[in-house]
Each structure stands twice: as structure tokens, then as C-alpha cells.
> 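The structure's right below; bear with me while I get my questions together.
Keep in mind it's a predicted model, so treat the numbers as computed, not measured. We name chains A, B, ... by the order of the sequence lines, and we start the count at 1 in each one. When reading the values below, keep in mind they use all heavy atoms of this one structure, side chains included, and skip hydrogens, waters and symmetry mates.
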Protein chains: 2
Amino acid sequence: MNLKTLALELGLSPTTVSRALNGYPEVSEATRRRVREAAEAANYHPNTQAKRLATGRAMAIGHIIPISDRHEIVNPVFADFIAGAGEVYARAGYDMVMTIVPDDSEARAYAELRSKGNVDGVLIHAPKVEDHRIAMLDTLGMPYVLHGRVSGSDSAFSWVDVNNKRAFERATNFLLDLGHRRIALINGIGEMDFARRRRRGYEAALKARDMAIDPALIVEGEMTEAQGHDAAREMLRWPDPPTAFLTASLLSAMGARRGIEEAGLVMGRDVSIVTHDDELGYLKNGTAEEPIFTATRSSVREAGRRCAALLIEQIESGDRSPRHELMEAVLVVGQSTGPVPTQ
Amino acid sequence: MNLKTLALELGLSPTTVSRALNGYPEVSEATRRRVREAAEAANYHPNTQAKRLATGRAMAIGHIIPISDRHEIVNPVFADFIAGAGEVYARAGYDMVMTIVPDDSEARAYAELRSKGNVDGVLIHAPKVEDHRIAMLDTLGMPYVLHGRVSGSDSAFSWVDVNNKRAFERATNFLLDLGHRRIALINGIGEMDFARRRRRGYEAALKARDMAIDPALIVEGEMTEAQGHDAAREMLRWPDPPTAFLTASLLSAMGARRGIEEAGLVMGRDVSIVTHDDELGYLKNGTAEEPIFTATRSSVREAGRRCAALLIEQIESGDRSPRHELMEAVLVVGQSTGPVPTQ
DNA sequence: ATGAAAGCGCTAACAG
DNA sequence: CTGTTAGCGCTTTCAT
């Protein structure tokens, strides 16, 4: 069933049918209803490709996932973000087009995306401290929104981000208030912008109390269980071991927990852990015997929604003035086991 | 830059240029080279929408992600699977179109996909024991491939799956060989087909040794840390507690581990854990003091590749005869801490 | 080996 | 308010 035959059946011109279906005002309500009903009955849906060609709009948003080794897509955050964005796309009639590209041909991927014209804009994941994608997209003139920020860029772009710095500053202060003086930071990969900001938060809290920053207490790398384990194992052998671990991921925290046990120490008596949790889980804060979450999966999903909404607005309005949304991480203390608190 | 202007620049007709670029045999090699070079120089890429409209092929594969509550997309497996499939799509020139739909309007989503014609086929994730999507797709006549199987369907479809039954049978036998007689199974959601098969494997191993199956030792639900914890906590209070836990996910295993410790028991002395690990991590098998993995992320990615390849072949050849690929899970014993063994 | 012309299904000026 | 006429950029008969 296509426009032409539907129009024929109705004894109308394709134009009128198109106008009726697309809500143009110059169609009589009677006709519109008649057309709508016929379309419904015939289960008519306009052919996407034809529509796209005619309007010049792809009605699709691109997500380019560089797949160098394995990080990024691995991230549980990714799935939730996608879910949030996808919700918005579906409502607005956009397709979500995901492209997996080997790290090194990323530039080509973006260029092709534009010249092949199959997306109207792109959403950028996991920006680095210095991120060349920004310059590329500026050159291509393609609308984009970042999930996260780029510290090292002065390009004016739109972004949605969690206040990572503040979250880690608060978590660090929490531990300092409990009396901890040697606090280890088990962080994500250093060149990732979010990791940089988290570190800045940790450092800011220490500086505010005139405490020295010991680089040895800071570990940066992929946030795996093994990372947390190895770091804890190692540090707890030192003559002046940390009394607390602040970790950037639940997996790392679980690893640290294992490392602590292997060292024959007791969580909550000898050592504490506080974690930033993007995942679903539970971890005891050794001091309070209660879990702490600093961000939840539901807020990541919300970030996805906001990014998508921002991008769509930018595309549809043509207004490219940069807009920002900074979300505060939720800091929860005193939840007992159970589902993650939703905000 | 489009076909017309490129042709004009070359002093050729659009037809010839199109033929040259698309590898039609009736073009002289000299012309073809000239055209190729000009296209390269001009950074010409045919407009996707136009091509699609003209050929009637969307050059896109759909992935529909139902987002009822939260499971499925949560799954770390999902990301790796997508990565694998995406690789293949990219090479074959297909787009990956992901649609997030609320659980209840899934049927409509599929129907629209077809009538809007923006995908040539779909890939089905996380099938249930009885899955109505199969019937829907058969009705629509759209090519599809399943990642997983559907026990309750006699529809003849193509699938790629891991041998979940065998994996769990082997893991159970491993524990039985170590002398365990009360083995708890912490499984995924019962209506998921993969969970059903895992359970069957566990049961088969017990039956083969004429052992009774105690339903109380089987827990099915979302594979979270809390699930493992709560199950272990509960069971270890019984007069005849399990001496081993077989879990379907690393998170559940970590939870069980916590439950064991809270009960004042010692991993590897009092209780053992073996886990099926789709994720990245490390877990001690309490008996051997070594980790065990029954599947790895790299094999999930491989499954993604195979699914995609199968679907593309089906689409391009028009041959819809069902094809199957059953992958054996890797069972690894004796790895020390470190990266996940890749196959 | 190359080109002219028609058409994929839709939208959008431009009439009336 | 409705219809006619051109395209959107490409592929694909059908000629030559």
C-alpha cells in the first residue's frame, strides 16, 4: 500500500492525502478524517526511504562506537544511556543508527556518515580530555551533543553530564569526616574526561583541608574487578597503607573488597570502601556498615533522554547555540540491601 | 557532490558513472578507473536514501529492544553481542538500527518496521521459552535470526546459540566430581530460554547420577548481586545448607560470595562457587582456589558476528531455509587472576 | 561500451 | 481547500 493507491481508492490526489496525514492546516477536517480512517484501515505507513529522500532529512541519529580494544561499549552505563536516548528517539520518530568502527578509522566513519546522509546528527559517548572528534564534527558541520564534556576543548558545544567532580569531592569529604587520612582513589582511565573530573574532585577535597596528594594512592585504568583487587592487594602491603578506598565503579569496589579480605583485614574495622556506582549492586561501606551510591543507573538513563532531546531540538530548530545540562549525582548513605535507589 | 555533478565533471552520463562505481561488467576498465579516481578525489559517496529508494533495499538491520522493566539491555552480554554484529554490518555496508520499545507495544513496532520499510531484517535478542515474536515475524515475512533459541516453538528459524545446557551440565559435574552433593543453582529469569536450558543442564547432571532434584536449591530471577546474596544468605541458614553454588552470572556469584562471608563461612573450605561468566571479572572457585569461567565475552562477540553474517546472507540470497550454529562454551579451570581467557 | 528515459514513493512549489 | 507538476538522487530497463 502506497500513497498513490491510497489516494486512488479515496478519489483524492496523493498531495491531499499526504497533507491530510501530515497535519497540514489547509485540509478540511472532513477530508482529513476520511483519509486518516482509510489509512488506518489499509494499515498504510509512508515509505521511510521515499520520505527521507523527498525531505532531505534522514530522521535518524547516529551513535558511533569506537571499538579499539574493548572499553566503552563494555561499560554498563552505555546500555542504560542508550535505553534512555532510544525512548526519546522512538517518541520523536527518529531511528537510532549505531555504527561500530575500529578506533583508527573513526574519522572516515564520521565523514562518510555525513556524505552518505543517513543521519541528521550524532551523539558522542565517552569523551576524552582531549577529543579530536569535536574538531571533526565542527568541520563537517553536523549537529552533535556530548554525553560528558571535553576539558581540553574551547569549542562551544552542547553537552549533558553528571557532576563527577562534585560527586567525588563529596565522597572524599565523607571519608575525611570519618577520620580517614590515607584515602586511595581507584579511578577510570586517565585520559577519559569523566575520570579526570573525578580525580579533580578527590584532589579538591584533600586540598581544601591542606592535605598532601600522594600520587601513589591514585590508580587509573580500566574499571574491572581485577583492577580493584590488584590495587588493594598492592597498597595494603605498604608500611603506610590506605585506610579507605574510593572507587569509580562497583566492579573495582568488589575487587578491592576481595583484596582487603586476602590481606586478612576486615572491612569496616580496618579499611573502608566508598564507590561511585553506575551499576546495579550493593556494597558495604565498611565504616557505617551501610552501602553508598553516588550515581544510579536511572540517572544515566535520564542523561540519555536529555542528550537525545537536546540533539533533536537542535536538529529541528536549526539553532546550534550550545546548551548544557549538569546533573548532580545522588549520594545515598544508609540504604540497606535491595534495589538501587532511584534518585 | 552527487552522481549528476560527478558525471558532468567527467563528461559521462550518470548511468555510466553509477555502473562503474557499482562494479557492473559492461564498463571499460579505463573508464572505471577514471571514475573511481574522480569519485575518490571528490569524496563522493552515494546518497543512502536515494539508493535505498531506487533499490528497494534498506541496507539496514533492525534490533528491537523491549524495555519492560530493565532486564535485557542491562545485560553486559548485550553490549558485546552488538559489538560483534556491528563489525559485520559495517563491513557489509549495513546500518544497525536499534529501536527501544516499551514491552507492550512491541507488536506494533515490528509491524511498523516492515511497513515503513526501513530494515531488511531483524535480529532477535533474549528469546523466551515461548516467544510470540517468532509468530509475528513469520506473519510479516521478514527475515530474522535469533540469538538463542525458543524451546516452545516448532517454527523453523535460524539461530546462533551457546550450548547452555552442556555448559551447566559440565559445571555441575565438575562440582559433583569434587564431592559436592547439595548444589544450589542461582539462575536467570525462568521464562528466558537460556535460563531454562541452563537449568536442564544442571538437572541432567544430577539425574545422571540418580540424585534427586531439590527445587528449594533452585533460585530463578534477575541476575544481580542482590540475588546471589539473598539466596546464599537464606540457604545457608538451613539445617542442610548447600555446599556449593552454581551461578548464572558473575554478579550473582559476587553476591553469593558476600552471603557466604556474612554467614561466617569460608569460601573454599565450607562452600564453593562456580559461575558462568559472560562478564569480565574474576572469581575464586572455593575448592580449587582458582577461577572458573564457562563463557567469555569474546565468544559472545563471536556470536554477534555469526548472527549478523547469517542474517545478511539470508537477506541477500533470499534463501530462507533455517540454519543453526551451536557454540560450545569454554570451560576454564586454573586461570589465575588477570584478563579473561579469550577462548 | 555508453546514454536516454522512466521510475522508486514521497513532498513541496505553484496554480486554481 | 484541492490538484498538477516537478523534483529528491539513484538504479535500471531499453536503445544505440
> Give me the distances for all protein-to-nucleotides 9-13 of chain C N/O pairs that come in under 3.5 Å?
{"residue": "C/dG9", "atom": "N2", "partner": "A/Ala50", "partner atom": "O", "Å": "3.4"}
{"residue": "C/dC10", "atom": "OP1", "partner": "A/Tyr44", "partner atom": "OH", "Å": "2.6"}
{"residue": "C/dC10", "atom": "OP1", "partner": "A/Asn47", "partner atom": "N", "Å": "3.3"}
{"residue": "C/dC10", "atom": "OP2", "partner": "A/Leu3", "partner atom": "N", "Å": "2.3"}
{"residue": "C/dT11", "atom": "OP1", "partner": "A/Asn22", "partner atom": "ND2", "Å": "3.1"}
{"residue": "C/dT11", "atom": "OP2", "partner": "A/Ser18", "partner atom": "OG", "Å": "2.6"}
{"residue": "C/dA12", "atom": "OP2", "partner": "A/Tyr24", "partner atom": "OH", "Å": "2.5"}
{"residue": "C/dA12", "atom": "N6", "partner": "A/Thr15", "partner atom": "OG1", "Å": "2.9"}

> Look at the side chain of A/Asn22 and the backbone N and O of A/Arg19, then say whether any donor-acceptor pair between them is shorter than 3.5 Å.
no
> Taking all non-hydrogen atoms of both residues, which atom of A/Phe81 and which atom of A/Val300 are closest, and how far apart?
N-CG1, 3.7 Å
> Compute the centroid of each ring, for B/Phe157 and then for B/His324, and state whether the two points are separated by less than 6.0 Å.
no
> Roughly, in whole Å, what's the span from CG in B/Asn118 to P in C/dC8?
20 Å
> Answer yes when A/Arg33 and A/Glu29 have at least one side-chain N-carboxylate O distance shorter than 4.0 Å, and no when they do not.
no
> Rounding to a whole Å, what distance do you find between A/Arg34:CZ and D/dC1:C1'?
13 Å
> Can a side chain N or O of B/Ser28 be found less than 4.0 Å away from OP1 or OP2 on C/dT2?
yes
> Between atom CG in B/Leu8 and atom P in C/dG3, what is the gap in whole Å?
12 Å
> Output the rounded distance in Å from CZ (B/Arg57) to C1' (D/dT12).
16 Å
> Would you say the side-chain atoms of A/Arg32 pair up with the backbone N or O of A/Ala20, donor to acceptor, closer than 3.5 Å?
yes
> Under 4.0 Å between a side-chain N/O of B/Thr16 and OP1 or OP2 of C/dT2, yes or no?
no
> Starting at CD of B/Glu26 and ending at P of C/dG3, how long is that distance when rounded to a whole Å?
13 Å
> Would you call B/Asp120-B/Arg57 a salt bridge at under 4.0 Å N-O?
yes
> Have a look at B/Ile124 and tell me which of B/Ile64, B/Leu137, B/Leu311 forms a side chain to side chain contact (heavy atoms under 4.5 Å, CB included) with it.
B/Leu137
> Rounded to whole Å, how long is the line connecting atom CG of A/Leu10 with atom C1' of D/dG3?
15 Å
> If you fit an axis to the five pairs at each end of the helix from C/dA1-D/dT16 to C/dG16-D/dC1, how big is the angle between those two axes, to 10 degrees?
40°
> More than 12 heavy atoms of other residues, nucleotides or ligands under 6.0 Å from CZ of B/Arg320: is that the case?
yes
